[in-house]
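Structure record follows, encoded as structure tokens.
The figures that follow rest on heavy atoms only: side chains count, while hydrogens, waters and symmetry mates do not. In what follows, chains are A, B, ... by sequence order, proteins preceding strands, each numbered from 1.
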There are 2 protein chains.
Amino acid sequence: MKLTTRFRYGTRAVLDLAIHAAERPVSLKDIAQRQGISRKYLETLFSTLQSSGIVRAVRGPRGGYRLTRKPEDISLRRLYEVLEGSGPLVDCTADPDICLRSASCVTQQVWEEMYNLCIGYLDSISIQELINRS
Amino acid sequence: MKLTTRFRYGTRAVLDLAIHAAERPVSLKDIAQRQGISRKYLETLFSTLQSSGIVRAVRGPRGGYRLTRKPEDISLRRLYEVLEGSGPLVDCTADPDICLRSASCVTQQVWEEMYNLCIGYLDSISIQELINRS
DNA sequence: TTAATTCCTATTAATTAAATAGAAATTATT
DNA sequence: AATAATTTCTATTTAATTAATAGGAATTAA
Ligand code: FES
Ligand code: FES
């Protein structure tokens, strides 16, 4: 049970964007340099972030990305759901038919509760909270 | 962030063993049949479980495995640590030198706290608890 | 017109997890 | 002593997923 690079890098990138956004958009080139992440890799992440409505691109020279909402309105839960993509800790949480035995499976309940704990925690932390801590 | 098959199958197998253990040991063949898991796959899991002191093998005909302790003394946390193997949600929790920036990384604290939540929860659930629920 | 950027589509590389294979060792039972 | 049911060991293979890269097209400020 590891967090994916997508989610971890994505979170750091959004945090970086939130910190450096001012009058002008922030380019991936800048984020890449500051965070030590390949620009190409960031491109794939920001594609997802944009289609999820978390950032908005400005193309052309002096372009880059802007957050579409305030840092306090972006939870890590949202980033997790958008970037990590994998959903619950086991597939049968979302779709019980995957496992025979689902009806009587006591472990399924445990994995589900554990997932709820994680999601609840991530929901309680916003990008603004990370800014405050840094 | 998914749980591995090793951990999930292993948990079900240990639960099955706890439920069916009586005077005679339980063979992997039986567990495999009841749980719908390949016997060969169980072999690899029980090798790990035995070397971690959770089960003990009895070889030969009518052989199989026994738990070495009571179901209430086997926590899912222990099974997770033994079977899942992957440790914390990010490597830098255990070894900060993996990431440069560790010292000032606010996300690291978040991933660590999230891991602690998971582990704490798993620690609160024993095999006996699962038996009670089933 | 140029250069800086995002955008799009695809491919490749790397890593990890999952599952299987086969023969050796052990031992209860007959 | 022979047999059959088991675990044990070592290795391999397969599958799945993630991570990372590549190159050129589109956009647009300067
Ligand atoms: S029902 Fe899916 S793990 Fe038990
Ligand atoms: S220090 Fe490892 S993710 Fe930030």
Side-chain angles (χ1 to χ4, degrees), chain A residues 1-13 17 20-21 23-33 35-52 54-66 68 80 82-87 89-91 98, chain B residues 1-13 17 20-21 23-33 35-52 54-66 68 80 82-87 89-91 98:
Chain A
M1 200 177 61
K2 290 283 186 194
L3 293 171
T4 58
T5 304
R6 271 179 76 77
F7 174 49
R8 290 183 294 109
Y9 282 14
T11 301
R12 278 170 51 202
L17 174 53
H20 292 94
E23 70 285 358
R24 61 184 76 157
V26 180
S27 72
L28 294 188
K29 188 181 164 204
D30 287 351
I31 297 178
Q33 279 181 348
Q35 297 296 324
I37 302 172
S38 124
R39 197 199 81 226
K40 277 295 187 187
Y41 196 63
L42 286 176
E43 281 181 13
T44 67
L45 301 186
F46 275 74
S47 163
T48 301
L49 289 170
Q50 174 159 234
S51 63
S52 304
I54 293 167
V55 301
R56 189 169 53 81
V58 178
R59 301 173 73 164
R62 310 216 97 192
Y65 288 91
R66 284 207 176 92
T68 58
Y80 176 86
V82 157
L83 292 170
E84 186 90 5
S86 67
L89 299 181
V90 295
D91 291 330
I98 290 172
Chain B
M1 199 178 60
K2 290 283 187 196
L3 292 171
T4 58
T5 304
R6 273 178 74 77
F7 174 49
R8 291 182 293 111
Y9 283 14
T11 300
R12 277 170 52 202
L17 174 53
H20 292 94
E23 69 285 358
R24 58 184 76 155
V26 180
S27 73
L28 294 189
K29 188 181 164 203
D30 288 352
I31 296 178
Q33 279 180 349
Q35 297 296 323
I37 303 172
S38 122
R39 197 199 83 226
K40 277 296 188 185
Y41 196 63
L42 286 176
E43 281 180 11
T44 67
L45 301 186
F46 276 74
S47 163
T48 302
L49 289 170
Q50 174 158 234
S51 62
S52 304
I54 293 166
V55 301
R56 191 167 50 82
V58 178
R59 301 174 72 164
R62 313 216 96 194
Y65 288 91
R66 285 206 176 93
T68 58
Y80 175 86
V82 156
L83 292 170
E84 185 91 6
S86 67
L89 299 180
V90 294
D91 290 330
I98 289 172

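Note on ring orientation: taking the six-membered ring where Trp is involved, the planes of A:Tyr9 and A:Tyr41 are perpendicular (angle over 60°, cut-offs 30° and 60°).
No side-chain N or O of A:Thr11 forms a donor-acceptor pair with one of A:Arg8 less than 3.5 Å apart.
Nearer the 5' end of DNA chain D, as judged by each residue's closest nucleotide, is the contact made by B:Ala57, out of B:Ala57 and A:Arg62. Residues B:Phe46 and A:Val58 each lie close to DNA chain D; by heavy-atom proximity, the contact nearer the 5' end of the strand is made by B:Phe46.
In this structure, A:Ile37 atom CD1 and D:dA19 atom P are separated by 12 Å, rounded to whole Å. Separating the CZ atom of A:Arg66 from the C1' atom of C:dT6 is a distance of 14 Å, rounded to the nearest angstrom. To the nearest angstrom, P of C:dT5 lies 10 Å from CD of A:Gln33. If you measure from atom CG of B:Leu45 to atom C1' of D:dC9, you get 16 Å, rounded to the nearest angstrom. The distance from atom CD of B:Gln50 to atom C1' of D:dT6 is 13 Å, rounded to the nearest whole Å. As rounded to whole Å, 15 Å separates atom P of D:dT21 from atom CG of A:Leu28.
At least one donor-acceptor pair under 3.5 Å links the side chain of B:Ser38 to the backbone N or O of B:Lys40.
Around CZ of A:Arg66, the count of heavy atoms belonging to other residues, nucleotides or ligands within 6.0 Å exceeds 12.
Within the helix from C:dT1-D:dA30 to C:dT30-D:dA1, the inter-axis angle between the opening and closing five-pair segments is 10°, rounded to 10°.
Across all their heavy atoms, B:Met1 and A:Glu84 have their closest contact at N-OE2, 2.7 Å. Annotation for B:Leu45 and B:Leu83: closest pair O-CD2, 4.2 Å, computed over non-hydrogen atoms. Of all the heavy atoms in B:Lys2 and A:Val90, the pair that sits closest is NZ-C, 4.2 Å.
For the ring-ring contact (aromatic ring centres under 6.0 Å, His included) test, residues two or more places apart in sequence or in another chain that qualify with B:Phe7 are A:Trp111, B:Tyr80.
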Next item on the list: Summarise protein proximity over nucleotides 14-26 of chain C in one line of letters, 5' to 3': B for base, S for sugar-phosphate only, - for none, counting protein heavy atoms closer than 4.0 Å.
Entry: ----SBBBBB-BB
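Inter-residue side-chain proximity for A:Gln35 and A:Leu42 is flagged as unmet; no heavy-atom pair is nearer than 4.5 Å.
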